[in-house]
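Each chain gets a letter, A, B and so on, in the order the sequences are listed, and its residues count up from 1. Small disclaimer: the values here were computed from a predicted structure and weren't measured.
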Amino acid sequence: MGKGMFFSSGKQQVYQLFFIQIVLIIVMGALMTYGPEANVNLLKNRTGEHGRKHIKKPDTNPLLVYPNVHVMIWIGFGFLMTFLRRYGQSAVGLTFLLGAILVQVAIICEGVMNIQKDNKSYLSLRSLLSADVAVATPLISMGALLGKTTYMQLVFMGIVELIMFTVNKYVGEHLLMTVDAGDSMFVHTFGAYFGLAISFVFGMKEKRKEHHLEGPSYNSDIFAMIGTIFLWLFWPSFNSAALEGDDQQRAIINTLLSISASCVIAFATSALVSKDSKFNMVHIQNSTLAGGVAIGTAAGMMCQPVGTLIVGALAGLLSVLGYKYITPLIQKHLKIHDTCGVHNLHGMPGILGGIFGALMAALATEASYDYSLYEIFPARAPNSETKLAEMRDNYGISAGLNRTAGQQAAYQLLALVITLGIAIVSGLITGLIMRVLICGSISEEQKFDDEAHWELEEESLQGSKIKESNSCSNDQLPMGHM
Amino acid sequence: MGKGMFFSSGKQQVYQLFFIQIVLIIVMGALMTYGPEANVNLLKNRTGEHGRKHIKKPDTNPLLVYPNVHVMIWIGFGFLMTFLRRYGQSAVGLTFLLGAILVQVAIICEGVMNIQKDNKSYLSLRSLLSADVAVATPLISMGALLGKTTYMQLVFMGIVELIMFTVNKYVGEHLLMTVDAGDSMFVHTFGAYFGLAISFVFGMKEKRKEHHLEGPSYNSDIFAMIGTIFLWLFWPSFNSAALEGDDQQRAIINTLLSISASCVIAFATSALVSKDSKFNMVHIQNSTLAGGVAIGTAAGMMCQPVGTLIVGALAGLLSVLGYKYITPLIQKHLKIHDTCGVHNLHGMPGILGGIFGALMAALATEASYDYSLYEIFPARAPNSETKLAEMRDNYGISAGLNRTAGQQAAYQLLALVITLGIAIVSGLITGLIMRVLICGSISEEQKFDDEAHWELEEESLQGSKIKESNSCSNDQLPMGHM
Amino acid sequence: MGKGMFFSSGKQQVYQLFFIQIVLIIVMGALMTYGPEANVNLLKNRTGEHGRKHIKKPDTNPLLVYPNVHVMIWIGFGFLMTFLRRYGQSAVGLTFLLGAILVQVAIICEGVMNIQKDNKSYLSLRSLLSADVAVATPLISMGALLGKTTYMQLVFMGIVELIMFTVNKYVGEHLLMTVDAGDSMFVHTFGAYFGLAISFVFGMKEKRKEHHLEGPSYNSDIFAMIGTIFLWLFWPSFNSAALEGDDQQRAIINTLLSISASCVIAFATSALVSKDSKFNMVHIQNSTLAGGVAIGTAAGMMCQPVGTLIVGALAGLLSVLGYKYITPLIQKHLKIHDTCGVHNLHGMPGILGGIFGALMAALATEASYDYSLYEIFPARAPNSETKLAEMRDNYGISAGLNRTAGQQAAYQLLALVITLGIAIVSGLITGLIMRVLICGSISEEQKFDDEAHWELEEESLQGSKIKESNSCSNDQLPMGHM
């Protein structure tokens with residue numbers, strides 16, 4: 001019956017998918033146009049010497065960083081989630097679909113926040129890059145729900161989440177004037193707790209036992225490492241994507257050091273808590289990356305190598321301990337099932353990152369940062385004309401709110417708390433709607449199985465009996481299932 | 001006997017391979033030298049301040065884009081074609097070999113077209129980048145023939161095809177002065193129909209039935225997604241590779257939007273036409289990319305977001321419908337077998353791209369493009385001194401042919417028709433030569449099987465019987481074969 | 001008993017791993033700080049026009065090249081070594097761990113060589129890039145030992161090796177003033193012979209026979225191709241990483257041509273020496289890359305296309321012949337087991353590269369290089385004020401040692417010999433310590449088996465008997481083992 005319901009709503013989901021793309025075309029058509037750097041008819045941007053045109057100030061930074069972040073979103077997240085033995089096609093396929101829809105939604109969300117005088121918003125490489133970063137948020141939430149939803153539930157979740165993400169980021173960045181260069185708070189913490197809140201709603205009724213398909217196979221674990229390594233490699237680009245000049249270089253250095261330390265400590269902790277001092281693939285695939293999350297907020301700050309290594313090491317430790325001890329507790333007592341363990345990779349390390357950012361903000365002085373202090377923390381810039389004049393004239397610094405270091409740190413913590421609040425509350429509401437809405441649903445036996453979404457080849461050729469014995473010899477199902 | 005013939009010509013193919021590389025060395029030695037930006041002895045290119053030398057105008061664009069296009073050609077095409085259950089090593093291996101030979105051939109072809117006063121041609125990053133783009137053409141043709149040829153047949157095909165590609169591109173770009181930034185016509189349409197023409201020649205005699213190895217396995221479908229995603233991610237680089245400044249930025253934006261829309265619509269259409277509203281891996285691996293092909297010609301034009309999204313969506317729709325309805329018809333009635341379905345990914349979307357480019361050319365006015373019109377469509381620039389003088393002096397615009405928008409559009413369509421004509425005719429002739437030439441051939445039972453090209457490990461260890469039962473349990477052969 | 005010893009030392013290895021990361025944090029804290037381009041408080045580096053700050057001379061080169069080299073180290077080396085049928089998780093996982101530790105060690109090693117007046121060393125993108133290149137060295141050595149060591153043995157080896165690497169590079173670059181742009185000598189030759197020396201020590205006692213897990217499976221061979229192709233694609237970045245301007249462009253062109261020729265000739269030679277003229281995956285995964293190694297030293301020199309193609313072709317030929325004929329001899333007579341065949345990919349092609357570099361140095365004249373000669377070979381610059389003055393004032397060339405071409409070539413060869421000497425002697429000593437030290441050891445039956453390092457899923461579910469029959473049907477163990 002559940003199956004019947006699912007199939008009957010299958011066609012509806014298809015129509016919804018067409019409908020969404022058509023709406024995106026209409027909204028994009030009404031709202032977006034090329035920004036000055038991508039627009040052909042602005043001759044003032046060009047010089048004509050020697051028959052070649054040049055934009056006067058070509059901002060090559062996004063061109064450098066964009067391909068790397070692009071790889072992280074689709075290859076990184078997509079393959080990281082292929083670790084389940086029978087859900088690899090869905091992991092990479094649904095990341096693909098979800099990413100393609102949500103990158104358009106994210107462009108529109110950012111566009112709405114930046115409408116120009118002519119009622120249009122501007123498209124540029126910079127906005128494509130921001131959209132990629134934003135898309136990471138719902139993909140993190142997807143990790144908590146992996147294998148337990150229809151694709152249309154994920155699409156619905158992603159659209160709502162990007163709207164709430166935009167609201168939260170606006171509150172944090174513009175109203176509270178806080179700093180979160182690598183998005184520890186706005187992307188990682190938000191995405192993790194939003195997804196966990198939905199998983200809480202989904203799990204309220206049922207009594208969970210280990211699903212026979214919820215585990216890796218030998219090859220699926222190697223496929224997942226493609227995702228892990230690409231994420232690990234390009235995390236410095238992610239954390240420095242919004243920065244430039246020395247801030248960008250520092251963010252790259254900080255992230256490389258932090259994520260290296262988290263990798264080493266994740267390996268060590270994994271062997272420490274595992275049987276026979278061996279490594280556990282789940283830890284290696286995820287906790288090695290925790291240092292990238294934890295250095296996010298402070299990526300552009302003067303953490304010094306020692307500070308960034310310590311925060312990375314702590315993140316690796318915390319993340320593995322989370323997988324080993326906290327996830328089982330959360331599942332048992334809060335009934336929150338977290339397929340990929342996003343709480344351990346994005347949730348706790350994200351909070352750690354937010355707190356570490358506040359700490360670094362509390363320690364930031366003009367003595368150590370010089371006038372750059374007012375570029376990194378714009379709210380700390382003086383608001384009195386006397387003090388500002390020289391800085392503005394010589395270094396282009398704008399008037400701020402004259403905050404002290406302590407005040408800035410307090411605002412940083414406030415942004416973290418607000419992020420948690422908005423994520424959890426809007427996640428709960430989104431989860432409730434997802435259970436009611438006509439996006440279909442996945443029955444217990446369809447969970448973690450590519451068959452729910454894909455026309456698998458062997459189906460048509462051999463029938464389900466052969467398939468099962470095959471996937472058995474191939475992917476090591478537990479004996480009981482045979 | 002067929003087997004005997006194949007093995008007897010095996011050694012010959014090896015000698016041919018050595019011979020080809022030796023010829024390439026000789027021709028490259030006679031023809032090519034370092035271009036000014038890569039040549040050490042041109043002091044005029046340098047300034048010597050502070051002990052560091054700088055090229056005056058370092059063209060960093062190719063450095064930015066080149067690695068991405070490089071990944072598309074070898075990882076993208078190579079892994080996209082690993083989808084067959086028993087042909088993965090050949091897919092990635094033969095792409096590797098073919099690419100390494102043809103990139104040298106493409107450099108020579110372009111060199112021949114650009115011989116300098118000293119009878120040498122110049123090598124630069126730009127020429128390596130152009131060579132990579134050119135190599136895509138025979139790799140597309142290879143998709144139509146995958147699993148049905150010897151490697152030497154592919155090498156022969158690739159060399160001939162690159163020569164014809166160069167001729168066709170010269171006709172289109174220089175004689176007809178048409179625009180094809182992302183090579184919808186010169187690469188995609190040409191490559192697809194050239195390959196299909198060869199497949200037509202190959203299939204004339206035989207009576208095809210479904211081959212037992214012509215299908216994916218669970219893991220081979222995931223390997224193929226590595227190719228798909230990298231192609232999808234870096235397509236904006238491909239389409240903007242030959243552009244700079246705002247044109248480049250616009251091409252990146254247009255391609256990202258178009259390929260996102262085609263991804264969403266390909267998923268939706270796949271579920272629409274499949275049983276139980278599920279997705280089909282063949283569609284997802286290929287049709288999601290059709291938007292990149294279809295926006296190619298117009299990538300640098302002022303399509304506006306709404307235009308580019310619509311053409312991408314149409315391409316995704318057309319491509320899936322092609323797989324579902326048109327490919328079977330072509331195979332049945334025209335006897336053209338198309339292993340990867342290049343007609344659906346490159347053929348029809350390429351034609352759509354050519355037509356859309358002509359449409360955009362017809363709509364281009366000086367009002368909307370300003371003087372950039374004459375940079376994007378050089379043939380539209382005025383040829384009278386009076387009108388040209390100011391543009392030339394201020395913006396470096398050269399004299400053109402004074403074409404109207406309608407004329408430019410007509411020339412665009414003419415280039416598309418000529419491309420189709422040259423591709424089909426030269427493909428047919430190449431196919432006929434390939435059947436006669438001593439490049440070996442693949443017998444029916446060797447088709448789609450890595451054993452034709454590779455010393456497979458299990459062979460030596462266990463004999464063919466074990467191997468077959470293994471690959472069976474592993475890769476789900478149809479029952480009949482067991 | 002061997003097993004017992006291994007497990008008892010498991011916990012110790014974990015503590016050692018924690019200890020190493022803590023030491024790295026302390027040393028990094030004491031030694032390293034942000035370099036000027038990454039340091040926030042140096043206003044002199046900035047201009048403040050229009051409210052945006054700019055480093056005066058942003059060195060974007062490392063930003064361009066760094067991501068590519070990063071991919072080579074972790075994806076390239078990691079996946080290249082996944083070719084063994086039951087050691088894929090260790091290959092990619094231990095590369096991950098080793099890389100994360102050693103990149104920190106390499107930063108410290110380079111830091112120690114460049115201590116500034118304030119007793120600190122500077123971190124910059126440039127130093128991260130150098131560290132990545134250095135890390136390649138122990139990863140090459142790991143290839144010789146793959147499957148035969150504990151992870152802590154590799155970590156110990158890597159730390160010692162990086163110290164010796166730094167000493168050797170200092171001798172070669174600073175004392176002997178030799179050129180090795182792409183590190184044919186300092187990375188490839190050094191890494192290969194250091195690893196082979198250790199393998200010699202490891203193999204002295206035992207009588208080797210073919211291990212039942214020492215071979216690929218169908219899928220593991222495809223995973224390995226991910227590594228091969230990414231290495232092949234980004235090798236031009238590796239060889240040009242330390243160069244700029246026209247030198248960089250030339251190194252990219254030279255490397256692309258050389259590695260293309262080695263790819264074609266490796267395919268041809270593989271088919272020539274194999275049964276039935278088929279290709280052998282081991283050759284294709286490795287020897288195709290030999291051209292990148294062999295052009296390394298001379299990458300920035302004026303080799304001309306023809307020279308670089310010839311050296312690449314020779315490297316491909318030499319490498320395949322090495323796999324076919326030399327490796328078995330070395331194993332039989334010298335008792336050196338070389339799991340990945342690093343002697344064929346890095347050892348012999350590295351020596352070839354060193355010799356070719358010396359040859360090119362011998363041929364370099366001011367006539368062909370102009371004053372660039374003294375930038376590429378600083379020791380050849382005149383030391384007399386009269387001759388130097390004009391060059392220094394106009395082109396920033398520093399005083400050198402007034403070497404002749406022949407002298408420079410002799411020094412190049414001397415550096416190669418010293419590299420071989422230091423690598424072999426320090427490798428032998430390191431190997432002896434590794435056998436004695438408490439880093440654990442791998443017993444004969446644990447070799448080439450992921451079970452030595454990983455909590456494999458099926459273990460807990462099904463017991464070892466099922467697992468074995470499964471991996472059997474999946475990965476084709478030899479009959480005898482069943």
Expected output: side-chain A:K278 to main-chain C:A452 donor-acceptor under 3.5 Å | no

Contact origin within C:F19 toward chain A - heavy atom pairs under 4.5 Å | neither

Beyond-backbone contact of A:L272 with C:Y15, side-chain heavy atoms, under 4.5 angstrom | yes

CZ of C:F79 to CD1 of A:I229: how many Å apart, nearest 0.5 Å?
-> 6.5 Å

Between C:G93 and A:M225, which heavy-atom pair has the shortest distance, and what is it?
-> CA-CE, 4.4 Å

Non-hydrogen side-chain atoms of A:D221 and C:W454 separated by less than 4.5 Å | no

Give the member of A:C303, A:P236, A:S262 that has the highest number of heavy-atom pairs under 4.5 Å with chain C.
-> A:C303

Select, from C:I226, C:I25, C:L24, C:V27, the one with the greatest count of heavy-atom pairs under 4.5 Å involving chain A.
-> C:I25

C:S124 and A:Q249: side chain donor to acceptor below 3.5 Å = no

Any chance you could measure C:H453, atom NE2, to A:D276, atom CG, to the nearest 0.5 Å?
-> 12.5 Å

Check each atom of A:L256 against the heavy atoms of chain C and say whether the ones under 4.5 Å are side chain, backbone, both or neither.
-> side chain

In Å, rounded to the nearest 0.5 Å, how long is the span from OG1 of A:T228 to CZ of C:F96?
-> 6.5 Å

Is the closest side-chain heavy-atom distance between A:V306 and C:M28 below 4.5 Å?
-> no

Between atom CD1 of A:I265 and atom CD of C:Q21, what is the distance when rounded to the nearest 0.5 Å?
-> 5.0 Å

Validation row: A:I252, C:L125 side chains within 4.5 angstrom (heavy atoms) | yes

Under a 4.5 Å heavy-atom cut-off, does chain C meet the side chain of A:Q248, its backbone, both or neither?
-> side chain

With chain A, the option among C:I22, C:T82, C:I75 that has the most non-hydrogen atom pairs under 4.5 Å is C:I75

Please state whether the side chain, the backbone, both or neither of C:I26 comes within less than 4.5 Å of a heavy atom of chain A.
-> neither

Please work out which of the three classes, parallel, tilted or perpendicular, describes the rings of A:F279 and C:Y151, given edges at 30° and 60°.
-> tilted

Side chain from CB out, backbone as N, CA, C, O: work out which of these in C:V103 comes under 4.5 Å of a heavy atom of chain A, or both, or neither.
-> side chain

At a heavy-atom separation under 4.5 Å, does A:I259 approach chain C through its side chain, its backbone, both, or neither?
-> neither

Compare every heavy atom of A:W232 with every heavy atom of C:A100, then report the nearest pair and how far apart it is.
-> CB-CZ2, 4.0 Å

Shortest non-hydrogen contact between C:Q104 and A:S260, atoms and distance = NE2-CB, 3.7 Å

Examine C:R86 relative to A:Y218 and say whether NZ or CZ is less than 6.0 Å from the centre of the six-membered ring and inside a 45° cone about the ring axis.
-> yes

Heavy-atom distance under 4.5 Å to chain C: side chain of A:M391, backbone, both or neither?
-> neither

Correct closest heavy-atom pair for A:M281 and C:Q89 would be CE-CB, 3.4 Å

Using a 4.5 Å cut-off on heavy atoms from C-beta on, say whether the side chain of A:L233 contacts that of C:I73.
-> no

Kindly state whether the ring of C:F223 and the ring of A:F223 have centres lying under 6.0 angstrom apart.
-> yes

Can you see which heavy atom on A:V264 is nearest to which on C:L97, and at what distance?
-> CA-CD1, 4.1 Å

Please confirm whether the backbone N or O of A:M302 pairs with a side-chain atom of C:Y34, one donor and one acceptor, at under 3.5 Å?
-> no

Output the distance between atom CD (C:E455) and atom CG (A:N280), rounded to the nearest 0.5 Å.
-> 5.0 Å

Atom pair CG/CG of A:N254 and C:L123 - distance to nearest 0.5 Å | 9.0 Å

Which atoms form the tightest heavy-atom contact between C:P67 and A:N68, and what is the distance?
-> CG-ND2, 3.5 Å

Note: vs chain C, highest number of non-hydrogen pairs under 4.5 angstrom among A:S270, A:S274, A:A266 is A:S274

Per-residue contact mode, C:I101 against chain A (heavy atom under 4.5 angstrom) = both

